Structure formats: C-alpha cells, structure tokens
Peer 1: 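Dropping a structure here in structure tokens format, bear with me for questions.
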Amino acid sequence: MTADHQTLALLLFSAFVAVTLGITTWVSRNRHGSAEEFYVGGRLFSPMENGFAIAGDYMSAASFLGISGLIALFGYDGLLYSVGFLVAWLVVLFLVAELVRNCGRFTLADVVAARMSERPVRIAAGTSSVTVSVLYLVAQMVGAGTLVALLLGGEGEAAQAWTVIGVGALMVVYVSLGGMRATTWIQIVKAVLLMGGAIALTVLVLVRFHGDFDQLLRTAADRSGHGDAFLAPGLKYGGDWIARFDFISLGLALVLGTAGLPHILSRFYTVPTARAARRSVVWSIGLIGGFYLMTIVLGFGAAAIVGPEAVRGSNAAGNTAVPLLALDLGGGADSTGGTVLFAIVAAIAFATILAVVAGITLASSASVAHDLYASLRRRRSKPRSEVAVARTAAVGIGMVAIALGLLARDLNVAFLVGLAFAVAASANLPVLLYSLFWRGFTTRGAVWSVYGGLVPSVVLVLLSPVVSGSADSLFPGVDFQYFPLQNPGLVSIPLGFLAGWLGTVTSAEPPDEAKHAETEVRSLTGAGAV
C-alpha cells in the first residue's frame with residue numbers, strides 16, 4: 001500500500017482511539033467505584049442505547065472482515081455465517097433475554113447459582129466464561145493484525161505483532177478505567193460507524209452493477225473460477241461426509257452459541273427492567289439483521305470486483321476482502337478516492353475490534369472477580385476489592401489473548417469465532433436452559449453440564465485439523481489430529497446437555513422446589529429482580 005494509505009488510515013485510527021480514550025477518561029472521573037457501576041454501568045441505559053451497544057458488541061471483526069471474506073472465497077457456503085449469526089438472535093429473544101435479566105445480577109453464574117450451591121457452580125461457570133471470552137478475543141486480535149499487515153503491504157510482521165499488543169493494551173485501559181459505562185459508549189459509537197461504512201460500501205457495490213443483484217451474482221460466479229457451483233451449496237462443506245457434518249456442526253454452534261456468550265448476556269443487566277432488555281434485543285436484531293444482509297452484498301461484491309484470487313493472494317483466509325473492495329470502489333490503489341475509502345474502512349474495522357475486545361474483556365474479568373475470586377475465597381469479598389480484582393484480571397486476560405492472537409494470525413476470524421460459539425453452546429447454554437426451565441435440576445447437574453460441554457469442546461478442537469495435521473493448521477509440522485471435524489459443536493453440544501441430565505439423575509441431592517419456584521416467578525414476572 002502507498003504512503004498515503006498508511007498516513008490517512010493511521011490518522012483515522014488515532015482519531016478513534018483519542019475519542020474513545022476521551023470517553024473512558026470522562027467516565028472514570030464520574031464513577032463512584034461500586035461493583036454495579038463497574039460491571040453494568042449502574043443499569044442506566046435505555047433500550048435504544050443498549051440495543052446499539054449490543055449490536056456494536058456483536059458485529060465484530062469476524063462479521064465485517066471474516067464473513068465477507070468467506071463469501072468472496074466460497075460463495076454460497078460462506079452465507080452460513082451470516083444466516084447463523086442472525087438466526088441466533090431469535091433464540092436469545094424468545095428464550096434468554098428477559099429471563100436472564102430477571103434472574104441474574106452481573107454474570108451467567110448468577111442465574112445458575114440462584115437455586116444451587118453457589119461455590120462449585122460459580123467456579124464452573126466462571127471457568128467456562130473466561131475460556132469462551134479468550135477464544136473470542138483471539139479472533140479480534142487476528143483481525144487487528146491482518147489489517148495492519150494489509151496496510152503495510154504484507155511486509156510488516158513485526159508491526160502486526162505490535163498492533164496485537166497495542167490492541168491488548170488499549171482494551172485493558174478501557175476496561176480498567178471506564179468499566180461498563182465507557183465500554184457501552186465506545187460500542188455505540190462503533191456501531192454507528194460500522195453501519196455507516198457498511199451502508200456506503202453496499203450502495204457503491206450496487207451502483208457499480210446498476211442495482212442489478214443478479215448481474216452481481218453472475219459476475220462473482222464467473223470470476224470465482226467455479227461457475228454456477230459458486231452460487232450453490234457444497235464448495236466448502238460439500239466435498240464429502242466429513243465436510244457435510246462440519247457444516248451441520250458449524251450451523252449448530254452459530255445458532256445456539258450466541259445465547260451462551262458471556263459478553264452478550266452481561267449486556268442485559270445494563271438496563272433497568274426485563275422489558276427494557278427485550279426491547280434492547282429488538283433494536284439489536286434490526287441493526288444486526290440489516291448489517292448481515294449487507295455482508296452478503298459485500299462478500300459477493302468482493303468476489304465480482306476484486307476477485308477471489310486477489311483476495312486470497314492478500315490474505316489466504318480472506319480477511320482483507322472488504323478493505324480491498326473499498327480500495328477498488330474508490331478508484332483503485334493510486335487514486336485519492338481509493339486511498340480515502342480504504343483508510344476509512346480500515347479505521348472502521350479497527351474501531352470494531354477495539355470496541356468488541358473491550359466488551360469481551362469486561363465480561364471475562366467480571367467472571368474472574370465476581371465468580372472465581374469471590375468463590376475461591378473463604379468469605380465473600382467486598383464490592384470495592386472485587387472491582388480491583390476485575391481490573392487486575394483484565395490485564396491477565398489481555399496478555400493471554402495477545403499471545404494466542406500472535407499464534408493464530410493466519411486463520412480466518414469468522415472461523416475462529418465459530419469455535420468460541422461452539423464452546424459457548426456446549427458449556428454455557430445447557431446449564432442456562434436447564435436452570436431456567438427444569439424443576440428437578442441440581443448442583444451436580446449444573447457442574448457436570450458445564451464441564452461436560454467445556455472439556456470435550458476444547459479437547460476436540462485441540463485434536464482437530466485446526467491445530468495440527470494440515471498445511472492450514474496452527475502447527476502444520478506436527479500431526480495429532482484424531483477428530484476429523486473443524487468445529488466440535490455437533491458432538492460437544494449434545495454432550496453438554498447429556499452431562500447435565502446425567503449429573504442430575506444420579507445426584508443424591510434433592511432439587512430445591514422452593515428455590516425453583518422463586519426463580520420461576522422472578523424470571524417470568526421480574527418480582528424481586530435486582
């Protein structure tokens with residue numbers, strides 16, 4: 001890329017970082033340091049504000065960079081991510097949002113522990129939440145590194161590494177100083193920027209093809225080298241039975257995983273009532289639905305205008321499809337319009353990453369402090385000391401995410417998020433649904449449900465082609481691949497539900513009917529909710 005690209009994009013990066021740091025500084029001066037203020041922003045956000053923040057939290061680098069890249073490379077099969085991410089919100093709206101807001105206080109473990117023995121349940125749920133959050137963070141780190149590598153012409157591995165470190169440092173600052181209130185406003189600003197950028201690019205793509213979407217698809221198919229197969233199922237997931245099972249596994253993970261994501265669940269606590277939580281989801285569905293429809297246009301637009309070969313040549317996983325598309329739509333690499341549009345899109349993508357990592361880091365540090373630390377201590381910690389632990393945990397989580405982000409920098413970011421969704425759907429969703437809807441659920445069932453989904457999902461990923469056994473693996477030089485699927489959801493999600501059932505029916509502990517009745521009334525009516 002030219003020096004103009006680098007200078008303009010870096011100026012826009014700096015402007016966004018300056019604005020967000022200003023928000024964080026302002027919020028840090030006006031906070032009173034309570035746990036409620038740090039974790040959930042004092043529950044003062046309106047449904048519209050929270051809806052925009054949820055959309056900002058959810059529309060990550062995986063959405064903006066990864067999905068469009070997969071569609072550009074694999075056509076129809078890449079659509080699974082757009083459809084899966086969107087349909088998942090129906091599960092959240094009808095099964096989770098209002099009930100979680102009524103039953104919990106800060107984290108997923110609050111919902112489960114309301115009717116169980118607190119200590120083992122909080123340790124299990126906290127461990128699972130941190131694992132999911134770190135996996136999700138890795139995808140954002142990879143996206144940040146990819147952007148900078150593209151900005152520097154693919155020759156900046158050192159700069160790519162420093163970018164990952166810089167993103168990690170910024171997210172620690174956002175979370176440590178500003179807590180949920182600063183994080184929420186950063187996400188709202190980012191959601192507005194991302195929607196504006198996506199709308200502009202979508203309009204430019206459609207204008208290029210005179211509003212004829214059919215012509216766009218036919219051009220994309222012609223340039224793909226696969227012809228009509230580019231627009232039909234099977235290019236990525238239809239080669240053999242293993243690929244088809246991988247398709248089913250990924251679909252399950254995407255549709256069921258959102259309802260188990262800690263940073264999404266924590267957003268329902270930032271509004272004052274359960275009704276506001278449900279209205280927040282309605283706002284977010286509108287924004288997210290519109291955005292994912294636009295990723296389809298952007299993905300096929302990149303295939304038609306840039307070409308899959310050029311996308312693959314820039315980044316093998318397709319993560320640079322949208323910035324390259326912006327460059328071409330603006331007039332090309334040597335044009336002022338191309339330079340400006342590329343820089344704007346790169347800055348928006350970078351803003352996306354910063355906002356999402358702040359939300360995830362806050363949720364995971366809350367799990368460490370509110371669930372793990374408070375449970376492992378012999379007595380409950382005071383709110384202020386718990387917040388101090390959360391700030392310290394943000395630093396540790398940031399360091400782990402940075403290290404893993406450097407290791408996984410050649411993988412597609414949407415694919416990496418798919419793994420996080422699989423772990424969330426396997427470990428968090430079963431225990432959440434059982435706690436809300438099964439009268440006879442017990443503490444052993446809750447603990448077994450979490451570990452019965454968490455351990456198999458992580459182990460199956462380690463034994464899958466993602467980690468070893470192929471040229472695209474994290475460790476291509478070794479082979480300990482014993483599980484054929486890239487996404488473990490098809491196996492690990494049923495195991496999570498099975499483990500919860502088995503733990504409950506073999507438990508000698510009688511279910512607490514009174515606590516279940518209390519939870520049921522609270523979840524449905526909001527009576528007694530925090």
Side-chain angles (χ1 to χ4, degrees), residues 19-20 22-60 86 89-90 92-108 110-111 174-175 177-196 198-199 258-259 261-291 351-352 354-356 358-360 362-363 366 522-530:
V19 169
T20 52
I23 292 172
T24 304
T25 304
W26 174 74
V27 168
S28 67
R29 289 177 178 175
N30 291 277
R31 59 179 171 81
H32 52 78
S34 69
E36 186 172 56
E37 172 73 22
F38 183 79
Y39 292 142
V40 294
R43 308 185 201 279
L44 298 175
F45 293 101
S46 70
M48 186 182 75
E49 290 169 346
N50 197 44
F52 269 83
I54 289 172
D57 215 352
Y58 193 68
M59 297 184 301
S60 65
L86 179 55
W89 278 98
L90 298 178
V92 176
L93 176 61
F94 292 118
L95 288 181
V96 171
E98 191 172 346
L99 305 184
V100 165
R101 172 61 187 85
N102 283 338
C103 289
R105 187 162 175 244
F106 299 136
T107 64
L108 164 70
D110 289 336
V111 179
Y174 292 149
V175 172
L177 293 181
M180 177 59 85
R181 191 168 297 191
T183 298
T184 298
W185 283 110
I186 291 168
Q187 288 162 345
I188 290 171
V189 171
K190 167 257 172 141
V192 173
L193 289 174
L194 184 58
M195 288 298 291
I199 290 170
T258 300
L261 292 175
H263 65 289
I264 297 298
L265 293 175
S266 66
R267 291 235 55 93
F268 300 136
Y269 301 126
T270 63
V271 289
T273 65
R275 182 170 180 266
R278 183 177 286 271
R279 290 174 61 199
S280 297
V281 176
V282 174
W283 271 100
S284 64
I285 286 177
L287 293 166
I288 292 166
F291 175 76
T352 295
L354 289 177
V356 173
I360 301 167
L362 178 60
R522 178 183 293 184
S523 66
L524 294 176
T525 67
V530 178

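Keep in mind it's a predicted model, so treat the numbers as computed, not measured. Atoms considered below: every heavy atom in the structure, side chains included; atoms not considered: hydrogens, waters and symmetry mates.
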Peer 1: So, for Pro47 and Arg279, which heavy atoms are closest and what is the spacing to 0.1 Å?
Peer 2: CB-CB, 3.8 Å

Peer 1: Output, in order, the C-alpha distance, side-chain angles, deciding distance and verdict of side chain to side chain contact (heavy atoms under 4.5 Å, CB included) for Tyr58 and Ser284.
Peer 2: CA-CA 9 Å; Tyr58 193 68; Ser284 64; over 6 Å; no

Peer 1: From Ile54 CD1 over to Met59 CE, what is the distance, rounded to the nearest 0.5 angstrom?
Peer 2: 11.5 Å

Peer 1: Kindly indicate, with the supporting measurements, whether the criterion side chain to side chain contact (heavy atoms under 4.5 Å, CB included) is fulfilled by Ser266 and Leu362.
Peer 2: CA-CA 9 Å; Ser266 66; Leu362 178 60; over 6 Å; no

Peer 1: If you measure from CZ on Arg275 to CZ on Arg278, what distance do you get to the nearest 0.5 Å?
Peer 2: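 So the CZ of Arg275 and the CZ of Arg278 are separated by 10.5 Å.
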
Peer 1: Out of curiosity, Thr258 OG1 to Trp89 CH2, how far, rounded to the nearest 0.5 Å?
Peer 2: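 Taking OG1 in Thr258 and CH2 in Trp89, the distance rounds to 6.5 Å.
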
Peer 1: Let me confirm one number: the CD1-CG distance from Ile285 to Leu86, rounded to the nearest 0.5 Å.
Peer 2: 7.5 Å

Peer 1: Do Asn50 and Arg267 have side-chain heavy atoms sitting under 4.5 Å apart?
Peer 2: yes

Peer 1: Would you give the length of the straight line joining atom CD1 of Ile188 to atom CG of Asp57, rounded to the nearest 0.5 angstrom?
Peer 2: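 One gets 11.0 Å once the value is rounded to the nearest 0.5 Å.
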
Peer 1: Do you know the tightest heavy-atom contact between Val271 and Ser280?
Peer 2: CG1-OG, 3.7 Å

Peer 1: Does any non-hydrogen side-chain atom of Trp185 lie less than 4.5 Å from one of Glu49?
Peer 2: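 In contact.
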
Peer 1: Apply the test side chain to side chain contact (heavy atoms under 4.5 Å, CB included) to residues Phe268 and Val281: give CA-CA distance (whole Å), side-chain angles for both, the deciding distance (0.1 Å), then the verdict.
Peer 2: CA-CA 9 Å; Phe268 300 136; Val281 176; 3.4 Å; yes

Peer 1: Could you tell me the separation between the CG atom of Leu108 and the CG atom of Leu261, rounded to the nearest 0.5 Å?
Peer 2: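 Rounded to the nearest 0.5 Å, the CG-CG separation comes out at 10.5 Å.
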
